[in-house]
Amino acid sequence: MAQLAQVIVDVPTMQTNRPYTYQVPTRLENQVQLGMRVVVPFGNGKRQVQGFIVGLDQPTRYNGQLKAIDALMDLQPVIGDELLSLSKWLADRTYAFWISSIYTMLPNMLKAKSTRVVKIIDEVDEQIAFDVFHGKDELDFATVQSNPQIVSLLLKLQRQGKVRFEYVVADKAKAKTTVGIRPQLSFEELEEARTSLHANAHAQNRLLSYLQSIIGKTVKQVDAEKISGLKAATFNTGVQKGWLTKVPIEVYRTPLGQEPLPDDHHLAKPLTLNDEQQAAANEIEQAIDDSRSRVFLLEGVTGSGKTEVYLQSIAKALQNHKTALMLVPEISLTPQIVNRVRHRFGSKVAVLHSGLSAGERFDEWRRINRGEAQVVVGARSAIFAPLTNIGVIILDEEHESSYKQDEAPRYHAREVAKWRGKYNNAPVVLGSATPSLESRARAMKGVYQLLQLKHRVNKRPLPPIKVVDMRPEIKERGESNFSRELLTKLTDRLAKNEQSILMLNRRGFSSFMMCRDCGEVLKCPNCDISLTLHMDSHTMKCHYCGHEEPIPRFCPHCGSREIRYYGTGTEKVERELAGLIPQARVIRMDVDTTRRKGMHEKLLRQFGQHKADILLGTQMIAKGLDFPNVTLVGVLNADTGLGLPDFRSSERTFDLLSQVSGRAGRADKKGEVIIQTYNPDHYAIRFAQRNDYEGFFKREMALRHQASYPPYYFTVRLMASHEDEAIAARAMAQIKEQLTKSLMPSTIILGPTPRAIARMKRRYYYQIVIKYKQDQHLHPLLQKILQETQSKGKNDVQISIDPDPQYFM
DNA sequence: AGCACGCCGACT
DNA sequence: GTCGGCGTGCTC
């Protein structure tokens with residue numbers, strides 16, 4: 001009986017989200033392996049698609065005629081056993097297509113491009129041959145697809161049997177190569193060739209000697225030229241005479257500034273740990289030794305030396321002949337941290353981040369896949385690095401929301417890390433100065449093991465934080481982003497030739513209403529969550545329960561007319577600053593000034609070289625920066641984030657303020673922090689001012705408990721969209737009915753409500769938020785809803801599901 | 001996704 | 001009568 005293979009095809013729809021069975025042709029029987037890419041026929045006609053082998057020799061219940069695999073795209077599997085089962089789990093967990101989660105784990109280059117080509121097989125009209133086919137005998141269908149006239153013409157020609165549609169699955173995965181030189185003859189034969197040379201053919205004579213010295217080897221031509229001192233032309237002559245051949249040699253693309261460091265010399269030595277660090281490291285290293293899949297929460301204030309604990313844990317894993325994976329939020333994946341790891345572990349390190357080109361990314365991936373790199377540092381998607389035998393997984397800044405992917409598959413890197421930790425029997429270390437409430441709560445329950453670093457390595461106290469109330473400022477001086485106090489301090493730093501960092505909090509740029517007199521933010525009477533301004537309907541809406549009210553003219557709290565929506569931009573602030581302190585040199589860092597590749601690093605380098613006095617930026621400057629000459633940090637608007645319709649808004653504000661405060665006074669000079677706010681008494685700001693994580697945690701937990709939010713409840717968000725608002729709304733109403741019928745009474749269903757941006761890309765969005773403690777009906781029910789509402793075209797309601805959403809907006 | 005099949009309106 | 005519109009259903 002013929003060998004069978006189960007294949008997941010690259011057709012991301014609900015209907016095709018399952019393996020299809022194919023026959024393995026005899027010629028491929030010895031080569032097929034799980035996790036390889038294949039080209040398979042799929043559907044009517046001659047359509048070909050890329051697929052992945054996810055099973056071999058499993059019985060099939062399919063009664064129809066099986067088709068055969070056309071070709072294997074790989075000699076070695078591109079997904080190992082671990083990642084294969086992870087992909088299945090991921091698809092299930094996040095309600096994504098299996099094929100989508102497979103692609104999420106792989107570099108883009110492994111996604112083959114499938115093109116349709118129209119080939120002329122019989123004489124066609126001259127005019128058509130010229131106009132449509134440009135005189136050639138084939139045509140890329142994609143180039144004419146949008147022209148209905150040409151499309152129908154081609155279809156007509158197809159019916160007449162004059163043209164044929166063909167499919168080409170083209171692999172984009174190309175290794176970069178350089179020219180290599182290999183002697184073609186034996187030592188004696190080369191010697192023989194020497195005798196027939198002209199007496200004055202010195203170069204050829206030298207080439208023969210050189211070739212004799214590299215018998216049986218392949219040398220890059222660039223190196224060969226350097227060593228032998230010969231020119232390219234001489235090597236070409238050698239080829240002509242049959243002395244040598246040129247062969248491609250695979251080389252890795254080297255990202256700029258990431259040239260491999262040699263392993264052998266002056267790798268940075270481990271630093272000496274203090275008692276607290278040592279205690280934490282001991283626990284982690286013990287777990288590595290014992291191959292225990294324990295989760296640790298490493299909670300340490302800024303400057304407490306978490307990174308050194310990470311590095312020594314990685315060293316331990318390597319010592320045990322295992323590999324290590326370290327995740328860092330993209331935003332803090334700065335050369336500073338990367339270099340620290342690379343200087344410790346040299347060429348064992350592979351780095352994955354968004355700045356790499358597709359080719360560079362593919363090469364780093366291959367280095368890992370081949371076992372040439374044992375330490376991986378990267379952002380979110382690096383959690384899928386093809387490491388085997390992982391000894392430890394580290395997530396730095398585990399509370400960062402960027403660990404959650406906000407498009408399908410909507411996975412959280414922390415959850416994937418825990419899965420891989422379990423699979424590999426390896427500990428997972430979650431590190432943060434301000435752990436997420438979820439993680440900290442688990443640590444309190446003993447689900448995670450809490451490791452605390454309470455003291456800073458240099459024993460320096462954290463900089464004092466002053467909160468400035470902007471309400472009287474505005475009253476006395478009118479519109480300004482700068483309080484008198486902040487201006488005075490900035491001028492003072494300028495005089496002392498010290499630097500300052502100013503952060504403009506861009507979170508919450510969306511439109512909410514706040515009173516400039518009393519700081520009151522307009523909230524929903526039912527939900528205790530800010531209302532969002534909807535300009536289309538001229539109303540304030542609650543995105544949780546759907547409550548709606550007119551835009552207020554007076555503050556409902558103090559009656560002031562000074563209630564308006566809130567927000568400002570870095571550019572505006574920069575202009576104001578130029579007017580107030582014209583002599584200050586300012587570097588502005590936001591999405592606009594850092595869009596170009598390498599600009600981020602360049603601006604930071606300039607600031608580090610003191611080419612500016614003030615670094616003005618958005619959240620992107622809150623993390624990881626370490627400039628010894630910075631003695632003042634100012635937060636222009638601490639409270640914008642508080643106005644967001646998001647139950648995590650306080651947590652995020654607390655995190656942000658804690659982070660940015662750590663940027664001041666890193667070295668010997670004393671630092672200080674100014675926080676400007678309209679809500680000086682808000683607990684997130686108060687606790688941040690006192691560096692009191694513990695206090696914040698307790699207070700916030702109480703609020704979450706009271707309002708039934710995570711970590712007391714799990715959440716899922718369902719979204720439906722349609723061009724017709726009524727249809728989207730109706731679909732959601734029906735879904736709600738289904739949910740209410742089948743879910744447990746303790747499960748809370750909120751909505752449906754229109755989303756903050758109710759209309760996007762000409763579609764209307766509605767959402768339902770489900771809060772539950774445990775409900776075994778939920779998962780199967782959501783799967784069922786997805787199946788039933790499977791959209792067959794843009795005329796159908798599209799449903800998407802977001803487990804553990806980061807935002808509810 | 002892409003393609004075929006199938007059932008209705010305006011044309012060589 | 002047929003060409004082609006897009007609703008429906010299937011792809012091992």
Side-chain angles (χ1 to χ4, degrees), chain A residues 1-25 28-29 32 34 36-73 91 96-104 111-119 139-170 407-409 722-724 727 786-800:
Chain A
M1 203 180 96
Q3 197 180 3
L4 301 181
Q6 271 66 46
V7 175
I8 289 290
V9 292
D10 182 9
V11 182
T13 67
M14 209 62 220
Q15 297 98 306
T16 52
N17 188 30
R18 60 197 167 82
Y20 285 82
T21 307
Y22 286 85
Q23 284 184 352
V24 179
L28 299 177
E29 263 174 16
V32 282
L34 234 50
M36 280 182 170
R37 295 178 301 155
V38 290
V39 179
V40 290
F42 192 69
N44 301 318
K46 293 198 176 59
R47 190 178 175 204
Q48 280 187 326
V49 295
Q50 176 174 278
F52 289 83
I53 299 179
V54 299
L56 283 170
D57 293 319
Q58 293 161 7
T60 174
R61 275 192 287 156
Y62 184 66
N63 292 322
Q65 180 63 47
L66 293 180
K67 290 183 182 172
I69 291 172
D70 282 327
L72 292 178
M73 297 179 71
F97 306 127
W98 195 350
I99 187 71
S100 310
S101 54
I102 288 174
Y103 279 132
T104 301
K111 183 175 167 78
K113 218 174 82 197
S114 162
T115 47
R116 274 182 292 172
V117 176
V118 190
K119 271 199 172 151
L139 170 77
D140 182 351
F141 186 70
T143 59
V144 296
Q145 198 164 23
S146 55
N147 187 332
Q149 280 171 353
I150 295 184
V151 170
S152 69
L153 174 74
L154 291 172
L155 289 171
K156 197 190 274 172
L157 288 171
Q158 185 194 25
R159 278 192 299 275
Q160 292 166 0
K162 295 193 168 177
V163 302
R164 193 164 57 202
F165 283 73
E166 286 186 4
Y167 295 84
V168 182
V169 177
E407 57 192 48
H722 196 273
E723 280 187 7
D724 185 338
I727 293 176
L786 271 184
Q787 289 286 348
E788 284 170 356
T789 51
Q790 56 187 243
S791 62
K792 286 154 229 142
K794 55 172 171 283
N795 294 329
D796 291 300
V797 178
Q798 281 173 13
I799 303 278
S800 66

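Lettering of chains follows the sequences in order, A, B, ..., and the numbering in each one begins at 1.
- Side chain of A:Thr13, nearest nucleotide from B:dG2, C:dT11, B:dA1: B:dA1.
- Between A:Val169 and A:Arg37 there is no side-chain heavy-atom pair separated by less than 4.5 Å.
- Atom CD in A:Gln15 sits about 15 Å away from atom C1' in B:dA4, given to the nearest Å.
- Atom CD1 in A:Ile8 sits about 13 Å away from atom C1' in C:dT11, given to the nearest Å.
- Rounded to whole angstrom, the span from the CZ atom of A:Arg18 across to the P atom of C:dT11 amounts to 7 Å.
- Side-chain contact between A:Val797 and A:Ile727: present, with at least one pair of heavy atoms (C-beta onward) separated by less than 4.5 Å.
- For A:Asp57 (side chain) and A:Gln3 (main-chain N/O), no donor-acceptor pair under 3.5 Å exists by modelled atom type.
- The residue A:Pro19 sits apart from the nucleic acid: no heavy atom pair falls under 4.0 Å.
- Of the listed nucleotides (B:dA1, B:dG2, C:dC12), C:dC12 has the atom at the smallest distance from the side chain of A:Thr21.
- To the nearest angstrom, P of C:dC10 lies 17 Å from CG of A:Asn17.
- With sequence neighbours left out, the side chain to side chain donor-acceptor pair (under 3.5 Å) criterion links A:Glu166 to A:Lys119, A:Arg164.
- Between A:Tyr103 and A:Phe52, the distance separating the two ring centers is shorter than 6.0 angstrom.
- The separation between A:Arg47 atom CZ and C:dC10 atom P is 16 Å, rounded to whole Å.
- Rounded to whole angstrom, the span from the CD atom of A:Gln48 across to the C1' atom of C:dT11 amounts to 15 Å.
- In this structure, the side chain of A:Thr60 does not engage the main chain of A:Thr21 through any donor-acceptor pair within 3.5 Å.
- Contact between the side-chain N/O atoms of A:Tyr22 and the OP1/OP2 oxygens of C:dC12 is found at a separation under 4.0 Å.
- The side chain to side chain donor-acceptor pair (under 3.5 Å) check on A:Tyr20 picks up A:Arg18, with sequence neighbours excluded.
- Across the protein-nucleic acid pair, A:Ile53 atom CD1 and C:dC12 atom P stand 16 Å apart, rounded to whole Å.
- In this structure, A:Phe165 atom CZ and B:dA4 atom C1' are separated by 14 Å, rounded to whole Å.
- Annotation: proximity of residues 59-68 of chain A to DNA chain C (heavy atom, distance under 4.0 Å) is found for A:Tyr62, A:Gln65, A:Leu66, A:Lys67, numbered in ascending order.
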